[in-house]
**Student:** 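The structure's right below; bear with me while I get my questions together.
Numbered from 1 within each chain, the chains take letters A, B, ... in sequence-line order.
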Protein chains: 4
Amino acid sequence: MVEKRRKEILDAATEIFSRYGYYGAKMEDIAKKAGIGKGTIYSYFDSKEALFYEMIKHAIEEYEKGLDKALNIEGALEERLHVLCQFHGKYLSKYIDITQIIVMEREVFSKELVRELIKEKTRLFNRVKNAVKNAISKGELRDDLDPHLASIIIIGSIGKFYGEKICYGREKLNKIDPKGLIDTILRGLK
Amino acid sequence: MVEKRRKEILDAATEIFSRYGYYGAKMEDIAKKAGIGKGTIYSYFDSKEALFYEMIKHAIEEYEKGLDKALNIEGALEERLHVLCQFHGKYLSKYIDITQIIVMEREVFSKELVRELIKEKTRLFNRVKNAVKNAISKGELRDDLDPHLASIIIIGSIGKFYGEKICYGREKLNKIDPKGLIDTILRGLK
Amino acid sequence: MVEKRRKEILDAATEIFSRYGYYGAKMEDIAKKAGIGKGTIYSYFDSKEALFYEMIKHAIEEYEKGLDKALNIEGALEERLHVLCQFHGKYLSKYIDITQIIVMEREVFSKELVRELIKEKTRLFNRVKNAVKNAISKGELRDDLDPHLASIIIIGSIGKFYGEKICYGREKLNKIDPKGLIDTILRGLK
Amino acid sequence: MVEKRRKEILDAATEIFSRYGYYGAKMEDIAKKAGIGKGTIYSYFDSKEALFYEMIKHAIEEYEKGLDKALNIEGALEERLHVLCQFHGKYLSKYIDITQIIVMEREVFSKELVRELIKEKTRLFNRVKNAVKNAISKGELRDDLDPHLASIIIIGSIGKFYGEKICYGREKLNKIDPKGLIDTILRGLK
DNA sequence: GATGAATGAGCGTTCATTCAT
DNA sequence: AATGAATGAACGCTCATTCAT
């Protein structure tokens with residue numbers, strides 16, 4: 001099936017782009033990873049840039065789906081944060097925050113793409129922010145809390161926490177327990 | 001003076017690598033930026049990779065010096081964190097977390113380099129951690145705090161906070177006030 | 001019928017090769033033009049070069065048939081030349097002197113093919129030459145005329161005349177009247 | 001000197017493009033012919049297409065210069081035609097009517113380029129036509145002659161005459177005597 | 001020492017050809 | 001027999017690196 005082959009290429013591209021960056025990734029390696037010939041990629045994607053663009057879109061879509069699920073579950077605040085952490089960790093271990101490439105190599109990509117990705121990142125950020133607002137109104141978080149700052153702390157801390165463990169520590173995902181982190185964020189350092 | 005010329009090349013390299021990433025950066029552009037001929041770079045650095053490596057080392061050295069200064073000042077905890085934030089922001093606006101390139105394009109560089117950089121990052125992390133421990137023992141932070149987690153939250157939040165403002169918002173550095181962020185981290189979300 | 005399919009491919013090839021040249025023509029376009037699948041061509045022809053070769057042969061055969069008809073009609077010299085002109089124009093508008101490709105890209109094709117094509121062109125030339133000789137012996141052309149030079153002038157002039165009108169002027173074939181040309185060739189410039 | 005190198009590349013390009021056509025010509029071969037590295041060409045010309053374009057322009061300029069000289073000499077009509085023939089032959093043996101490639105592969109090149117080349121060809125044609133008009137007004141050619149048709153016959157015949165001898169016969173240029181041809185054109189076939 | 005013209009390995013992309021269906 | 005998805009050799013072009021000046 002055609003859709004399956006497309007997906008295989010996207011998965012291979014995700015891995016290779018993540019590992020080597022846009023320029024470091026070679027079409028030949030992506031093809032090899034996908035177990036196909038170099039030319040075949042071009043039946044499914046117009047160019048390297050197009051493939052990269054589609055991969056980003058695909059990654060964002062997956063993130064959105066997962067984030068929605070993570071934010072919409074029932075349960076206590078701690079529990080919900082726990083799910084969010086686990087989702088983010090799982091996602092990170094696949095994409096290693098691939099959108100970062102764009103920011104790093106930003107001059108390379110069309111202004112269009114960069115703008116769109118920033119918009120997307122903002123949208124995702126706002127979902128977390130809304131969840132924070134929600135928790136404030138439900139009395140789960142203190143009512144003088146700035147939702148924007150709180151979101152930055154949540155996202156920044158989780159990212160650092162998992163980034164470190166996955167990138168440097170190479171720890172297995174299911175061995176990572178974010179309970180302490182969540183607790184510390186909620187209670188504060190003081 | 002030879003050292004001065006070396007420094008000029010490193011500064012040019014920092015800017016170009018930051019903007020375009022490792023592969024996107026061209027030796028010619030770095031030379032032009034430094035106001036010298038392309039071939040001259042090779043009198044000071046063996047190769048593009050070596051130049052990149054030296055640039056990273058140089059960036060880290062600057063960071064270390066600045067971090068030391070920021071962590072060793074006298075004053076209240078909030079004040080010291082404020083200085084840390086400002087330093088990090090200033091640093092970020094110059095290097096846009098350039099070490100990230102290495103993590104993104106990790107397979108490209110020698111294991112040696114990657115290992116050394118991780119070690120370096122760990123060392124920097126530990127300085128913050130020690131400062132946290134110190135603050136705990138002085139009673140400025142609660143004594144059941146996990147210094148590691150606290151450091152992650154501090155570094156992760158500050159990075160996210162400034163990263164967002166500088167990368168996306170393009171805000172002027174001296175207009176950014178981290179007071180709210182520090183307060184929220186310290187008091188917790190709850 | 002197999003022969004019909006073969007003919008369809010040849011016709012499609014003629015059009016595409018004429019328009020784009022040997023290298024510019026793509027097998028896929030030829031197949032599309034012929035209304036068949038790409039692979040099918042290879043059931044009828046061994047390779048692109050073979051297809052090109054066969055197409056040339058086919059074009060030459062058509063030319064020979066037409067030339068015979070044009071040269072063998074009864075009537076006054078002027079009339080016969082008129083028919084020759086019209087035939088050449090009609091042929092040109094289909095093949096745009098496709099054999100020229102061979103001469104242009106001569107090193108590309110096997111010496112065999114080039115030699116054979118030159119031989120073929122010579123044979124066609126000789127038919128015109130014989131017709132000239134015939135006209136001389138019948139007293140229709142002056143008897144001190146060099147048949148070879150006369151043939152060159154006839155073929156060269158007619159080719160230029162129609163080539164210009166068809167290639168650049170894009171004139172309709174039936175609007176082109178070679179009467180003046182024939183008259184000038186016969187009477188001379190002086 | 002830079003101009004010399006540029007000229008060497010143009011000469012190599014002329015030969016390779018003439019021999020293999022636009023698509024058949026490989027940049028590497030042109031470089032090898034010019035005795036330089038592949039990349040060097042790109043210091044002088046932006047792309048293969050640009051090189052081709054420049055080569056055509058260069059060929060036309062040479063043709064124009066030569067044609068002016070040939071048409072402007074003093075002497076009897078026959079003599080002037082003789083010089084024109086020799087010039088055309090010399091030119092042909094270098095360029096083998098390279099502009100023909102454009103016509104053959106016309107869909108490939110920008111409409112701009114094709115239009116410009118046709119305009120150029122028209123201008124060259126008109127110079128011959130003006131020379132014919134001049135000869136008519138001087139009484140060297142009969143006064144009921146159509147200058148356009150006469151030009152076609154002259155150019156077409158000369159092209160065929162030399163084309164045949166050079167392309168097929170591979171005759172040495174200085175062994176070719178156009179006297180008979182000129183005489184036949186002037187006196188007519190009848 | 002400093003330069004930048006020259007080089008050629010390497011990559012993105014195309015397309016003639018093959019072969020499983 | 002007919003197809004068109006898949007292949008990979010080949011080519012245009014880039015850019016890190018060299019070296020004659």
Side-chain angles (χ1 to χ4, degrees), chain A residues 1-2 5-6 9 20 22-32 34-52, chain B residues 2 5 9 20 22-32 34-52, chain C residues 2 5 9 20 22-32 34-52, chain D residues 1-2 5-6 9 20 22-32 34-52:
Chain A
M1 188 209 182
V2 165
R5 174 58 57 96
R6 214 185 116 90
I9 296 173
Y20 300 101
Y22 180 75
Y23 284 105
K26 290 171 230 161
M27 292 300 266
E28 182 136 29
D29 293 341
I30 293 173
K32 208 166 281 170
I36 58 174
K38 194 157 37 115
T40 307
I41 296 180
Y42 290 87
S43 312
Y44 294 87
F45 302 92
D46 281 346
S47 64
K48 189 183 186 182
E49 190 171 344
L51 173 58
F52 184 75
Chain B
V2 166
R5 173 62 58 93
I9 296 173
Y20 300 103
Y22 180 75
Y23 284 101
K26 291 176 226 161
M27 293 299 269
E28 179 136 31
D29 293 341
I30 294 172
K32 206 168 283 168
I36 57 173
K38 205 165 12 130
T40 309
I41 296 180
Y42 289 87
S43 311
Y44 293 86
F45 302 92
D46 280 346
S47 64
K48 189 184 185 182
E49 189 171 342
L51 172 58
F52 184 75
Chain C
V2 164
R5 171 64 56 94
I9 296 172
Y20 299 103
Y22 181 75
Y23 284 101
K26 292 174 224 164
M27 292 300 267
E28 178 135 32
D29 293 342
I30 294 171
K32 205 166 283 167
I36 57 173
K38 207 165 8 132
T40 309
I41 295 179
Y42 289 86
S43 310
Y44 293 86
F45 301 92
D46 280 347
S47 65
K48 189 183 186 183
E49 189 171 344
L51 172 58
F52 184 75
Chain D
M1 189 210 182
V2 165
R5 173 59 56 94
R6 214 184 114 90
I9 296 172
Y20 299 103
Y22 181 74
Y23 284 106
K26 290 171 231 160
M27 291 302 267
E28 183 137 29
D29 293 341
I30 293 173
K32 206 165 284 170
I36 58 174
K38 189 159 41 114
T40 307
I41 296 179
Y42 290 88
S43 312
Y44 294 86
F45 301 93
D46 281 345
S47 63
K48 190 183 185 183
E49 192 171 343
L51 173 58
F52 184 75

**Student:** Between F/dG12, E/dT14, E/dA5, which nucleotide gets closest to the side-chain atoms of D/Lys48?
**Tutor:**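 Nucleotide nearest to D/Lys48's side chain: F/dG12.
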
**Student:** Is the phosphate of E/dA2 approached by B/Tyr44 (side-chain N or O, under 4.0 Å from OP1 or OP2)?
**Tutor:**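 Indeed, a polar side-chain atom of B/Tyr44 lies that close.
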
**Student:** DNA chain F: B/Ser47 or C/Arg5, which has the more 5' nearest nucleotide?
**Tutor:** C/Arg5

**Student:** Should the ring pair B/Tyr23 and A/Tyr23 be called parallel, tilted or perpendicular, given that the plane angle runs from 0 to 90° and is split at 30 and 60?
**Tutor:**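 It falls in the tilted class, 30° to 60°.
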
**Student:** Scan C/Ala25 against the nucleic acid and name what it touches under 4.0 Å (heavy atoms): base, sugar-phosphate only, or nothing.
**Tutor:** sugar-phosphate

**Student:** NA contact type, B/Phe45, heavy-atom cut-off 4.0 Å: base, sugar-phosphate, or nothing?
**Tutor:**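 Answer is nothing: B/Phe45 stays at 4.0 Å or more from every strand.
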
**Student:** When the distance from CD1 of A/Ile36 to C1' of F/dG8 is rounded to whole Å, what number comes out?
**Tutor:**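 The answer, rounded to whole Å, is 13 Å.
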
**Student:** What's D/Ala31 touching, base or sugar-phosphate or nothing? Going by heavy atoms closer than 4.0 Å.
**Tutor:**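 Touches nothing.
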
**Student:** Please evaluate the base of E/dT7 for a donor-acceptor partner in the side chain of D/Lys38 within a cut-off of under 3.5 Å?
**Tutor:**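 Flag unset: no donor-acceptor pair detected.
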
**Student:** Mind checking if A/Thr40 touches a base, just sugar-phosphate, or nothing, with heavy atoms under 4.0 Å?
**Tutor:** base

**Student:** Report the distance from atom OH of D/Tyr20 to atom P of F/dA10, rounded to the nearest whole Å.
**Tutor:**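 That distance rounds to 16 Å.
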
**Student:** Within the structure shown, what part of the strands sits under 4.0 Å from A/Ala50 by heavy-atom distance: base, sugar-phosphate, or nothing?
**Tutor:**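 Touches nothing.
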
